[in-house]
Amino acid sequence: MADGSIYLVIAGTFFGFIALAFILLFPVYRFMKRQETLSDDWTPEAIARRQRRQSARPDDDGSDPLRDDGPPGGEPVAP
């Protein structure tokens, strides 16, 4: 081997290693970023915001799910 070709082998090996590391680690990076974005939905502030939004929004029929006053019209049911 000539003296100059050993440097080409070293450079090729180095850049090949960098390329292989990128190819193998980039999907891991994308997965971690996606999970980090999803975890933002479970911070105490985000949970409180969702709870406020749900409590401010009435049910579809307008009744409170924790109270049982009869039909949604407010008229008592005959026994």
Side-chain angles (χ1 to χ4, degrees):
M1 245 191 217
D3 288 334
S5 66
I6 189 72
Y7 296 113
L8 290 176
V9 170
I10 291 172
T13 304
F14 175 74
F15 289 115
F17 175 77
I18 297 298
L20 182 63
F22 177 78
I23 290 168
L24 294 175
L25 291 177
F26 186 70
V28 174
Y29 170 77
R30 283 191 336 190
F31 173 78
M32 295 297 290
K33 288 308 257 182
R34 185 171 52 236
Q35 293 302 315
E36 185 178 310
T37 303
L38 291 174
S39 73
D40 289 341
D41 292 340
W42 294 101
T43 61
E45 293 84 15
I47 293 171
R49 196 170 37 247
R50 270 197 313 269
Q51 287 175 343
R52 281 193 305 270
R53 193 170 42 227
Q54 283 179 343
S55 66
R57 180 181 54 175
D59 288 343
D60 294 337
D61 60 0
S63 66
D64 185 0
L66 301 177
R67 289 182 24 190
D68 188 15
D69 292 340
E75 299 174 17
V77 177

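The structure displayed is predicted, hence computed values, not measured ones.
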Handout entry: Distance (rounded to the nearest 0.5 Å) between Phe31 CZ and Gln35 CD
Key = 4.0 Å

Exercise for the section: Check whether Tyr29 and Met32 end up in the same hydrophobic cluster, where Ile, Leu, Val, Met, Phe, Trp and Tyr are linked by side-chain heavy atoms less than 4.5 Å apart. Expected result: no

Problem - Heavy-atom side-chain proximity of Ile18 to Phe14 below 4.5 angstrom - result: yes

Handout entry: Smallest separation among heavy atoms of Asp41 and Ile47, with atom names
Key = O-CG1, 4.3 Å

Practice task
Could you check if a side-chain atom of Arg53 sits within less than 4.5 angstrom of a side-chain atom of Arg50, using non-hydrogen atoms only?
Solution key: yes

Practice task
Consider only side-chain heavy atoms of I, L, V, M, F, W and Y, link residues closer than 4.5 Å, and tell whether Phe15 and Phe17 are in one cluster.
Solution key: yes

Exercise for the section: Quick one: closest heavy-atom pair of Val9 and Thr13, and the distance? Expected result: O-OG1, 2.7 Å

